[in-house]
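To start, the structure under review is shown below, and the notes come after it.
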Protein chains: 2
Amino acid sequence: MKHAHTHDLEHDLLAAAQWCAKRGEKLTDQRREVLALLLSAQGSMKAYDLLAEIQKQRPTAAPPTVYRALDFLVTAGLAHKLESKNAFVACCDFEHPHHGLMLICDRCHKVTELSDERLAARLAEDAAGHGFSVAAQDIEVRGLCRNCRDGDTKGAA
Amino acid sequence: MKHAHTHDLEHDLLAAAQWCAKRGEKLTDQRREVLALLLSAQGSMKAYDLLAEIQKQRPTAAPPTVYRALDFLVTAGLAHKLESKNAFVACCDFEHPHHGLMLICDRCHKVTELSDERLAARLAEDAAGHGFSVAAQDIEVRGLCRNCRDGDTKGAA
DNA sequence: CCAAAGACGTTATGTTATAACATCTAATGC
DNA sequence: GCATTAGATGTTATAACATAACGTCTTTGG
Ligand SMILES: [Zn+2]
Ligand SMILES: [Zn+2]
Ligand SMILES: [Zn+2]
Ligand SMILES: [Zn+2]
């Protein structure tokens with residue numbers, strides 16, 4: 001079981017590459033590296049933290065290196081930006097475009113992405129009621145995850 | 001009718017001062033100036049735009065001047081931060097704490113704050129279903145407001 | 001081969017936000 | 001009144017987040 005995570009990671013990266021190909025785009029090495037970091041992270045990652053990781057293998061990497069990769073991943077639906085944290089997370093289910101609802105733990109910083117179509121529908125309904133047509137939505141919730149709320153101390157930063 | 005806006009503004013500022021007093025805090029001159037700018041703005045305002053306005057009357061003002069005022073206003077519920085724009089808006093109804101839903105027009109940049117308790121409840125329910133306890137929530141919707149959708153050209157930036 | 005498009009390298013800069021410490025002011029208790 | 005103290009502000013510097021601009025390289029299709 002030692003390499004279970006690695007195996008899942010490879011599987012996810014392959015699926016992401018296929019998803020890109022389906023869209024007529026390419027998951028290049030740099031994009032793959034950034035996505036791999038996001039997939040491996042416990043919570044979200046900041047752009048400059050990603051940059052620091054990338055620089056371990058590619059010392060000449062600069063901010064545009066990682067921001068370009070992030071832009072690509074977000075546009076392709078492979079990752080999401082957490083606006084309230086200026087941080088990024090891998091999407092949990094990029095093959096099924098959705099309106100994610102992000103649960104962000106203030107204590108262990110873990111992020112859980114939910115999808116609730118009825119919630120999104122209600123949102124669109126509220127907006128329509130004011131003559132507003134929705135192009136994009138962002139729902140971020142801060143609080144405590146189950147572990148942290150139950151007094152677990154292992155997840156603390 | 002020429003001074004209707006001014007009158008509303010003074011009324012709102014008075015109400016805000018009373019709201020602060022009720023909380024054992026003070027709406028100082030600087031805080032009042034920032035709030036007045038937010039109340040008078042058509043859409044949201046960025047911190048450094050607020051700073052530029054403040055500096056017209058108080059040339060020594062620096063970033064902490066405006067960020068401190070904004071922190072106070074947001075904490076007191078008198079203003080909200082739009083995380084997706086790094087910008088700020090006055091709250092439409094600070095005397096009735098709520099979970100605002102922000103409709104942000106991509107064309108004229110106007111912001112409409114709605115309150116939908118059922119939406120907030122659904123959100124909390126989704127979170128609870130995953131063992132997550134909600135401390136704060138942020139819902140931001142981008143799109144086109146009624147005027148802009150209908151082809152009005154007056155509101156363009 | 002050649003042209004065009006996409007990706008990447010590189011430098012510099014723009015934008016957003018806070019740390020840290022000094023000073024001032026207002027409220028409290030004596 | 002006067003010291004104490006908490007809150008607010010002044011001031012300088014820097015941290016953190018993000019993009020502009022331009023050059024080069026690689027891939028791909030004619
Ligand atoms: Zn997702
Ligand atoms: Zn947690
Ligand atoms: Zn509000
Ligand atoms: Zn509009």
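Chain A is the first sequence line, chain B the second, and so forth, proteins listed ahead of strands; every chain is numbered from 1. This one's a predicted model, so the numbers in the text were calculated from it and none came from an experiment.
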Side chain of [X] only, please: which of [options] is the nearest?
{"X": "B/Lys46", "options": "D/dA8, C/dT16, C/dA19", "answer": "C/dT16"}
{"X": "A/Pro64", "options": "D/dA18, D/dT19, D/dT12", "answer": "D/dT19"}
{"X": "B/Lys26", "options": "C/dT10, C/dA27, C/dA17", "answer": "C/dA27"}
{"X": "B/Thr60", "options": "D/dT11, C/dG9, D/dA18", "answer": "D/dT11"}
{"X": "A/Pro63", "options": "D/dT11, D/dT19, C/dA17", "answer": "D/dT19"}
{"X": "B/Gln30", "options": "C/dG9, C/dA17, D/dT9", "answer": "D/dT9"}

Taking only side-chain N and O atoms of [X], does any of them lie within less than 4.0 angstrom of OP1 or OP2 on [N]?
{"X": "B/Arg31", "N": "D/dA8", "answer": "yes"}
{"X": "A/Asn86", "N": "D/dA18", "answer": "yes"}
{"X": "B/Lys85", "N": "C/dT15", "answer": "no"}
{"X": "A/Arg68", "N": "C/dG9", "answer": "no"}

Between [X] ([atom1]) and [N] ([atom2]), how many Å, whole number?
{"X": "B/Arg23", "N": "D/dG7", "atom1": "CZ", "atom2": "P", "result": "14 Å"}
{"X": "A/Leu70", "N": "C/dA7", "atom1": "CG", "atom2": "P", "result": "15 Å"}
{"X": "A/Leu50", "N": "D/dC17", "atom1": "CG", "atom2": "C1'", "result": "13 Å"}
{"X": "B/Phe72", "N": "D/dT9", "atom1": "CZ", "atom2": "P", "result": "9 Å"}
{"X": "B/Leu27", "N": "D/dA8", "atom1": "CG", "atom2": "C1'", "result": "13 Å"}
{"X": "B/Glu33", "N": "D/dA8", "atom1": "CD", "atom2": "P", "result": "16 Å"}

Margin query: For C/dA19, does the base pair up with any side-chain atom of B/Tyr67 as donor and acceptor (N or O, under 3.5 Å, distance only)?
Written below: no
Check: With a 4.0 Å cut-off, would you call B/Glu53 and B/Lys56 a salt bridge?
Finding: yes
Notebook entry, point to check: Just how large is the angle between the end axes of the helix from C/dC1-D/dG30 to C/dC30-D/dG1, five pairs per end, to 10 degrees?
Noted result: 30°
Item checked: Intermediate values then yes/no, salt bridge (charged side-chain N to carboxylate O under 4.0 Å, His left out), B/Glu83 and A/Lys85 -> CA-CA 9 Å; B/Glu83 298 287 1; A/Lys85 293 188 70 170; over 6 Å; no
Next item on the list: Hey, which sits more toward the 5' end of DNA chain D by its nearest nucleotide, A/Lys81 or B/Arg58?
Entry: B/Arg58
Notebook entry, point to check: Checking B/Ser40 side chain against B/Leu37 main chain: does a donor-acceptor pair fall under 3.5 Å?
Noted result: no
Item checked: Side-chain donor-acceptor pair present, A/Glu113, A/His98, cut-off under 3.5 Å -> yes
Check: Do the side-chain N and O atoms of B/His96 and B/Asp93 include a donor-acceptor pair separated by under 3.5 angstrom?
Finding: yes
Check: With respect to B/Phe88, which candidate in B/Leu82, B/Val111, B/Val34, B/Val74 satisfies the side-chain contact (heavy atoms from CB on, under 4.5 Å) definition?
Finding: B/Val74
Margin query: Within a 6.0 Å radius of atom CD on B/Gln57, are there more than 12 heavy atoms belonging to other residues, nucleotides or ligands?
Written below: no
Checklist line | Base of C/dT15 and ring of B/Tyr48 stacked, centres under 5.5 Å, planes under 30° | finding: no
